[in-house]
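To keep things clear, I will list the structure first and then write my remarks on it.
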Amino acid sequence: MLVLGLETSCDETGVALYDTGRGLLAHALFSQVDIHVEYGGVVPELASRDHVRKTLPLVDQVLHEAGCEGADIDGVAYTAGPGLLGALMVGATLGRALAFGWGVPALGVHHMEGHLLAPMLEDDPPGFPFVALLVSGGHTQLVRVDAIGRYRLLGESLDDAAGEAFDKAAKMLGLPYPGGPHIARLALQGDPARFDFPRPMVNRPGLDFSFSGLKTYTLNTVNACRAEGELSERDRRDIARAFEEAVVSTLVIKCRRALVQEGLKTLVIAGGVSANVNLRSTLERALAKESARVYYPAPLFCTDNGAMIAYAGARRLQAGQADAADTPLRPRWPMEELPPLTAGGAAG
Ligand code: KG4
Ligand code: ZN
């Protein structure tokens with residue numbers, strides 16, 4: 001089954017073609033970062049307008065790259081939520097119109113399910129059941145995954161998402177949006193011994209997160225350095241390092257706790273922050289000691305992309321699921337509300 005996937009929930013236009021027999025045939029991405037950078041964050045109306053301009057040309061591009069045409073497509077998947085409503089409407093409207101024109105089913109995909117299943121695109125995919133850490137700009141969640149569509153939320157952030165915390169800390173250090181990759185780059189040269197940032201919530205039981213205290217601590221440290229003169233390059237590197245270390249060790253502690261609680265040995269990390277090299281290597285080392293293993297997507301498929309939507313959509317379309325043209329979009333959408341792959345719950 002050949003599926004066209006469209007991702008337009010935020011500030012990346014992602015388009016991909018996934019075939020259930022042959023795998024990922026082509027994918028294309030346009031990042032709107034340059035459009036939003038001067039505002040220090042995503043401007044929803046500008047995002048929607050640019051998706052209108054970019055989505056169809058990217059569809060043509062992937063069809064051309066894969067040597068396919070519209071008549072070959074068996075289904076269309078688009079992100080139906082969570083995300084910015086106007087941005088979601090662009091992909092959904094186009095996806096439904098193409099599917100109608102081609103006479104094939106269309107399906108709205110949950111953006112976080114897309115992230116969660118992105119490691120399935122790799123050569124050595126994880127097997128069910130597993131614990132997933134979803135860390136993006138809008139979400140920080142630990143989820144028990146028994147099969148596609150069988151999700152149980154174990155814990156989540158009570159305030160900022162991990163990616164949002166990276167972005168805010170980056171702003172304090174004068175770095176552009178989105179700040180995660182910039183912090184990661186600076187942190188590489190930072191001295192981990194100079195500052196000791198708090199590890200939020202690790203001494204409390206449970207699997208929830210909170211990053212707002214860490215944000216305040218970062219701001220106070222920046223101000224303390226400023227009180228002694230201009231914020232130097234060395235200050236910025238050391239603060240970036242201390243901040244990253246604090247986020248990474250908090251995430252690692254909670255992941256290990258979740259694996260122990262669920263009696264599982266497989267962890268999946270996905271979403272933009274899972275591109276963080278320090279997070280990946282620290283988790284790998286920590287889990288190896290416990291004969292557990294972490295799986296993650298290729299760096300390109302950690303952040304928003306069309307391939308993950310095409311993959312998640314293909315699995316569900318193949319199981320016979322489809323949406324009517326008037327199915328509402330879901331800017332907010334708890335992942336636990338997703339149906340399993342088959343009515344009987346047998347999935348995976
Ligand atoms: O999944 P994603 O592309 O979009 C959402 O669904 O939110 O995640 C974007 C987030 C941003 O907050 C960005 O700063 C963060 O992922 N991010 C990173 C890294 N790459 C992207 N955070 C830390 N380290 C990175 N290497
Ligand atoms: Zn995302």
Side-chain angles (χ1 to χ4, degrees), residues 5-14 16 29-33 36-37 40-42 44 47 51 78-84 87-88 91 109-119 132-141 156-157 160-173 175-188 190 209 211 214-215 218 240-241 243-252 268-283 296-309 311-312 330-333 335:
L6 308 178
E7 156 60 36
T8 66
S9 69
C10 191
D11 60 345
E12 332 264 3
T13 315
L29 188 77
F30 179 81
S31 169
Q32 300 178 356
V33 164
H36 303 291
V37 74
V42 178
H51 288 308
Y78 51 85
T79 306
L84 303 168
L88 292 168
V109 169
H110 192 293
H111 180 81
M112 298 312 291
E113 179 174 70
H115 275 304
L116 189 151
L117 297 178
L133 172 72
L134 301 176
V135 267
S136 70
H139 293 79
T140 300
Q141 297 182 325
E156 65 183 333
S157 179
D160 291 354
E164 197 178 354
F166 265 98
D167 295 338
K168 289 179 178 168
K171 212 170 193 172
M172 294 171 202
L173 296 175
L175 299 166
Y177 177 88
H182 296 282
I183 294 242
R185 220 167 295 131
L186 265 188
L188 281 177
F209 303 89
F211 292 107
L214 185 58
K215 196 174 60 186
T218 308
R241 180 61 182 261
F243 172 84
E244 188 183 79
E245 291 287 333
V247 175
V248 166
S249 52
T250 304
L251 294 175
V252 171
V268 161
I269 57 171
V273 181
S274 71
N276 188 279
V277 174
N278 187 350
L279 175 64
R280 290 170 176 229
S281 57
T282 311
L283 268 174
Y296 36 73
L300 182 64
F301 300 140
C302 287
T303 44
D304 292 349
N305 65 86
M308 67 186 196
I309 302 304
Y311 176 81
R330 302 283 306 265
R332 292 176 193 283
W333 189 2
M335 211 165 62

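In each ligand, atom 1 is the first atom listed, and ligand 1 is the first ligand listed.
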- Query: Is H115 touching ligand 1 with its side chain, its backbone, both, or neither, if touching means heavy atoms under 4.0 Å apart?
  - Reply: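 Just the side chain.
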Look at the side chain of [X] and the backbone N and O of [Y], then say whether any donor-acceptor pair between them is shorter than 3.5 Å.
{"X": "E7", "Y": "I309", "result": "no"}
{"X": "T8", "Y": "A87", "result": "yes"}
{"X": "R332", "Y": "P82", "result": "no"}
{"X": "T79", "Y": "H111", "result": "no"}
{"X": "H51", "Y": "G91", "result": "no"}

Numbered atoms of ligand 1 (with element) below 4.0 Å of [X], judged on heavy atoms:
{"X": "G137", "result": "5 (C), 7 (O), 8 (O), 9 (C), 10 (C), 12 (O)"}
{"X": "D304", "result": "1 (O), 2 (P), 3 (O), 4 (O), 5 (C), 6 (O)"}
{"X": "H111", "result": "6 (O)"}
{"X": "G138", "result": "7 (O)"}

- Is C10 near ligand 1, meaning one of its heavy atoms is under 4.0 Å from it?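 C10 does not count as a contact of ligand 1 under the 4.0 Å cut-off.
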Return yes or no for this condition: an N or O of [X] is under 3.5 Å from an N or O of ligand 1.
{"X": "E12", "answer": "no"}
{"X": "G163", "answer": "yes"}
{"X": "G271", "answer": "no"}

Validation row: [X], [Y] side chains within 4.5 angstrom (heavy atoms):
{"X": "R330", "Y": "L88", "answer": "no"}
{"X": "K215", "Y": "E164", "answer": "no"}
{"X": "L116", "Y": "M335", "answer": "yes"}

- Query: Can you give the angle H111 NE2 - the Zn ion (ligand 2) - H115 NE2, rounded to 10°?
  - Reply: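 NE2 of H111 and NE2 of H115 make an angle of 90° at the Zn ion (ligand 2), to the nearest 10°.
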- Query: Say you draw a straight line from OG1 of T218 to CZ of F166; how long is it, rounded to the nearest 0.5 Å?
  - Reply: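 If I round to the nearest 0.5 Å, the distance is 10.5 Å.
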- Item | Among A170, G180, G272, closest by any non-hydrogen atom to atom 1 (O) of ligand 1 |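 Looking at heavy atoms only, G272 sits closest to atom 1 (O) of ligand 1.
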- Message: Which label fits H110 and W333: parallel for a plane angle under 30°, tilted from 30 to 60°, or perpendicular past 60°?
- Response: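 H110 and W333: tilted rings.
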- Task: Starting from atom 11 (C) of ligand 1, find the nearest protein heavy-atom neighbour and note its residue, name and distance.
- Result: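 Protein heavy atom with the smallest distance to atom 11 (C) of ligand 1: D167 OD2, 3.6 Å.
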- Shortest protein heavy-atom distance from atom 24 (N) of ligand 1, along with the residue and atom involved: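 Answer for atom 24 (N) of ligand 1: N276 ND2, 3.0 Å.
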- Task: Please confirm if an N, O or S atom belonging to H139, backbone or side chain, lies less than 2.8 Å from the Zn ion (ligand 2).
- Result: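 No N, O or S atom of H139 is closer than 2.8 Å to the Zn ion (ligand 2), so no.
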- Message: Quick check: of its N, O or S atoms, which one does D304 have closest to the Zn ion (ligand 2)?
- Response: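 It is OD1, the N, O or S atom of D304 closest to the Zn ion (ligand 2).
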